[in-house]
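Computed from a predicted structure; not experimentally measured.
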Amino acid sequence: MLHQSARLTGSVLALCTATVLVAGCGGGEAPPPPGQPATQEHGQHQAAKQTSATFEPYKEGATAITYNPEQVPPGSRVNLTSERTNGQTKITVNAEGLQPNRDYGAHVHTKPCGPTGDDAGPHFQEKADPVKPSVDPAYANPQNEVWLDFHTDAQGNATATAEGNWSFDSRQDAKSFVIHEMHTHMEPGKAGTAGGRLACTNATF
């Protein structure tokens, strides 16, 4: 069953090497023996895709960009892990150094980050809504999209996890992770919206 969960945390999981493929990062399953593909009987587990980055004001080539330095301060960090096991994809975000004790919305978006938040395009959708912008709960929901809303603790840290059957391995329209200014709406006419785009991270899912 698809589900999404978010929890507070007073500490952030150890960050792995930026934007590299890692197997078993964060205590996951060990890699299969040499010569045995990760998708074979060895747990049906593919190598995790990992992105770690530090937010900074926009500059060409930046991996993580803040558009609102007050709410996503330069020097704050994000770590994203995407791993696929037995046909399900689990995405985990760990954030560090954001504003303490506040809600943030967060989603996977279709395009890379750019000078403005709008450059990241709309949300990734497993089944695309023919109407744009997509505010219909039949499409803008945490099963069809990837919602990673979180609430920071007193140190500005947070963790959120989403699980689903998103087909990232056969798609080319999941390029970034965007942090928004509030938790995501679910009601018709506003579904999927979460206020302004505060920051963006180029990522691999």
Side-chain angles (χ1 to χ4, degrees), residues 2-20 22 24-28 48-59 62-83 89-109 113 116-118 120 123-124 140-143 145-164 174 176-187 190-205:
L2 303 177
H3 70 277
Q4 180 192 44
S5 64
R7 63 181 176 81
L8 297 182
T9 180
S11 60
V12 179
L13 298 179
L15 301 178
C16 299
T17 304
T19 319
V20 296
V22 293
C25 177
K49 298 175 182 178
Q50 192 92 8
T51 301
S52 296
T54 300
F55 288 108
E56 58 184 323
Y58 175 77
K59 67 178 181 182
T63 298
I65 302 159
T66 176
Y67 306 112
N68 188 314
E70 180 180 351
Q71 297 181 61
V72 181
S76 57
R77 293 185 59 81
V78 64
N79 180 59
L80 290 159
T81 302
S82 176
E83 48 190 337
T89 299
K90 181 171 76 171
I91 299 175
T92 301
V93 57
N94 295 290
E96 179 181 34
L98 304 182
Q99 270 194 345
N101 302 314
R102 63 153 294 163
D103 292 337
Y104 289 88
H107 316 106
V108 174
H109 282 243
C113 308
T116 72
D118 290 340
H123 298 175
F124 169 87
N141 62 66
Q143 289 77 44
E145 302 182 347
V146 184
W147 295 6
L148 287 156
D149 294 0
F150 55 83
H151 183 94
T152 55
D153 64 15
Q155 288 72 48
N157 304 333
T159 295
T161 299
E163 293 187 49
S176 59
F177 168 76
V178 174
I179 298 176
H180 293 258
E181 64 182 346
M182 64 184 68
H183 277 181
T184 309
H185 291 284
M186 301 186 73
E187 64 269 27
K190 297 180 70 176
T193 63
R197 301 183 181 192
L198 304 179
C200 181
T201 303
N202 291 318
T204 302
F205 298 98

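Judged by distance alone, the side chain of T66 and the main-chain N or O of N68 form a donor-acceptor pair under 3.5 Å. Side chain of S76 to backbone of L98: no donor-acceptor contact under 3.5 angstrom is found. When atom types are taken as modelled, the side chain of Y104 and the backbone of Q71 share a donor-acceptor pair closer than 3.5 angstrom. K90 contributes no side-chain N or O that, together with a main-chain N or O of E163, makes up a donor-acceptor pair within less than 3.5 Å. In this structure, D103 contributes its side chain and H151 its backbone to no donor-acceptor pair below 3.5 Å. Remark: side-chain polar atoms of S176 are not paired, donor with acceptor, to backbone N or O of T201 under 3.5 angstrom. Formation of a donor-acceptor pair under 3.5 Å by the N79 side chain with backbone atoms of N94 is not found in this model.
Crowding of E187 atom CD: a count of heavy atoms from other residues, nucleotides or ligands under 6.0 Å exceeding 12.
Across V146, T51, T89, a single residue satisfies side-chain contact (heavy atoms from CB on, under 4.5 Å) together with S82, and that is T89.
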Could you walk me through whether H180 and H185 pass the ring-ring contact (aromatic ring centres under 6.0 Å, His included) check? CA-CA 12 Å; H180 293 258; H185 291 284; over 10 Å; no
Do T92 and T159 pass the side chain to side chain contact (heavy atoms under 4.5 Å, CB included) test, and can you show the C-alpha distance, the side-chain angles, and the key distance before you say yes or no? CA-CA 7 Å; T92 301; T159 295; 4.1 Å; yes
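Atom-to-atom distance recorded for T81:OG1 and Q50:CD is 3.0 Å, nearest 0.5 angstrom. Annotation: the span from T161 atom OG1 to F150 atom CZ amounts to 12.0 Å, rounded to 0.5 Å. The distance from atom CG of L80 to atom CD1 of I91, rounded to the nearest 0.5 Å, is 8.0 Å. Residue T152 holds its OG1 atom at 12.5 Å from CD of E96, rounded to the nearest 0.5 Å.
Looking at every heavy atom in both residues, Y67 comes nearest to T116 through OH-O, 3.4 Å. V108 approaches A174 most closely through the heavy-atom pair CG1-CB, 3.9 Å. Contact detail for V72 and A199: the closest heavy-atom pair is CG1-CB, 3.8 Å. Considering every non-hydrogen atom in both I65 and C113, the closest pair reads CD1-CB, 3.7 Å. Nearest heavy atom pair, residue G192 against residue H107, reads O-CE1, 3.8 Å. A pairwise comparison of heavy atoms in A53 and A64 identifies CB-CB, 3.7 Å as the closest pair.
Between P69 and P57, every side-chain heavy-atom pair lies at or beyond the 4.5 Å cut-off. Between Q99 and P73, every side-chain heavy-atom pair lies at or beyond the 4.5 Å cut-off. Annotation: side chain of F205 is in contact with side chain of F177 (closest heavy-atom distance under 4.5 Å). A 4.5 Å side-chain heavy-atom check between R197 and H109 finds at least one atom pair inside the cut-off.
For E181, there are no salt bridge (charged side-chain N to carboxylate O under 4.0 Å, His left out) partners at least two apart in sequence or on another chain.
At a cut-off of 3.5 Å, with distance as the only test, a side-chain donor of R77 or T54 sits close to an acceptor on the other residue. Looking only at atom types and distance, the side chain of D149 has a donor-acceptor partner in the side chain of T184 under 3.5 Å away.
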